[in-house]
Amino acid sequence: MPATATEPDPQDTAAPVLALGPRPDTPSVGLVVPYDFALDRELWGWCPPQADLHVTRTPHLPLEVGLAQARAVGAPGALTQAVHDLSTVRPDALAYCCTSGSFVGGLAGELALRETMLEAGAPRAVTTSGALLSALAVLQVRRVTVVTPYDEAVTASLSQFLVEAGVAVVSAGHLGLTHAIWTVREEVTAALVRSTVVATAEAVFVSCTNLRSYPVLAPLEAELGIPVLSANQVTLWQALDLLGLAAVGAGQSLLDRSATGSRHTPSTEVLP
């Protein structure tokens with residue numbers, strides 16, 4: 001029977017192949033993000049072509065960005081359900097992609113989040129704040145500047161988390177926002193980095209997975225002469241590293257180190 005317009009000729013080797021869903025045998029990362037997350041496209045910027053990302057969101061909550069929201073989006077029940085929601089596509093690693101939700105409970109809280117994901121069926125598990133500590137360890141950074149879109153209380157909680165992990169916060173700046181963080185322009189973030197960083201900082205961390213950062217990381221590194229890390233960057237870096245893959249990002253020193261084989265993946269270790 002001759003091929004029709006709706007039935008491609010199997011002998012036609014030039015027929016296009018469409019990949020509209022998960023690709024068989026392709027490494028993938030499942031990402032659990034908060035309900036207000038709006039930067040799916042930015043996450044793909046770090047993803048190499050041979051990997052897939054699958055994103056799900058925690059249930060909506062009528063809360064402004066703050067300590068209460070950070071605790072709520074990382075509640076065990078919400079996280080377990082999100083891991084189950086992703087189980088159909090069988091990701092090779094799961095990442096809880098929320099900075100405040102993973103640092104608000106301190107080191108013990110971050111470890112509990114990873115354990116919750118593993119108990120829910122994740123084959124491997126990372127969190128944004130855990131990935132940050134891994135990145136700082138790889139870069140041998142002990143003194144950091146932090147920049148956040150949060151209010152003062154949430155920013156202070158991030159500093160406490162880092163200090164608990166043995167990292168000194170030498171300066172901190174914040175925007176004081178409680179909603180619509182994804183609308184902040186990259187140049188605003190870059191300006192806050194420049195006005196906050198001090199000479200004793202060995203790196204800068206731009207917090208919040210809902211804050212745009214990809215386009216400014218490499219230019220800021222070149223300008224300041226120290227690594228400039230972001231929440232989404234470190235999360236994708238470690239999740240992909242667990243799969244033996246390098247995240248994509250020219251001019252970002254963390255990723256250059258990953259590409260050259262400097263790997264540090266303590267997602268199954270208890271941090272000091």
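Every heavy atom of this structure was used, including side-chain atoms; hydrogens, water molecules and symmetry mates were not.
- A side-chain hydrogen bond (donor to acceptor under 3.5 Å, both in side chains) with Thr127 is found for exactly one of Gln238, Arg114, Glu110, namely Glu110.
- In the model, Gln69 has a side-chain atom that pairs as donor or acceptor with a side-chain atom of Tyr35 under 3.5 Å.
- Linking Ile, Leu, Val, Met, Phe, Trp and Tyr residues whenever their side-chain heavy atoms come within less than 4.5 Å leaves Leu63 and Leu67 in two separate clusters.
- Side-chain contact of Ser171 with Thr145: a donor-acceptor pair under 3.5 Å is present, judged by distance alone.
- With sequence neighbours left out, the side-chain contact (heavy atoms from CB on, under 4.5 Å) criterion links Arg41 to no other residue.
- Side-chain contact, Thr26 with Gln50: no donor N or O sits under 3.5 Å from an acceptor N or O.
- More than 12 heavy atoms of other residues, nucleotides or ligands lie within 6.0 Å of CD in Glu187, so this atom counts as buried by the packing criterion.
- Proximity of a side-chain donor or acceptor of Thr80 to a complementary backbone N or O of Gly77 within less than 3.5 Å is not detected.
- The side-chain heavy atoms of Asp92 and Pro27, taken from C-beta on, include a pair separated by under 4.5 Å.
- Ion pairing between Arg57 and Asp85 fails under the 4.0 Å rule for side-chain N and carboxylate O.
- Using modelled atom types and a 3.5 Å distance limit, the side chains of Gln252 and Trp237 yield no donor-acceptor pair.
- A salt bridge links Arg143 with Glu202: the closest approach of a Lys/Arg side-chain nitrogen to an acidic carboxylate oxygen falls below 4.0 angstrom.
- Among Asn210, Val126, Val55, Leu43, the one residue that satisfies the side chain to side chain contact (heavy atoms under 4.5 Å, CB included) test with Cys97 is Leu43.
- For the residue pair Tyr150 and Ser100, no side-chain donor N or O sits within less than 3.5 Å of a side-chain acceptor on the partner.
- Between the side chains of Thr148 and Ser207, no donor N or O sits under 3.5 Å from an acceptor N or O.
- When only modelled atom types and interatomic distance are considered, Thr235 and Thr128 share a side-chain donor-acceptor pair under 3.5 Å.
- Counting heavy-atom neighbours within 6.0 Å of His84 NE2, excluding the residue itself, gives a total above 12.
- Clustering ILVMFWY residues whenever any of their side-chain heavy atoms sit less than 4.5 angstrom apart, transitively, puts Val206 in the very cluster that holds Val167.
- Minimum heavy-atom separation, Phe205 to Val144: N-CG2, 4.0 Å.
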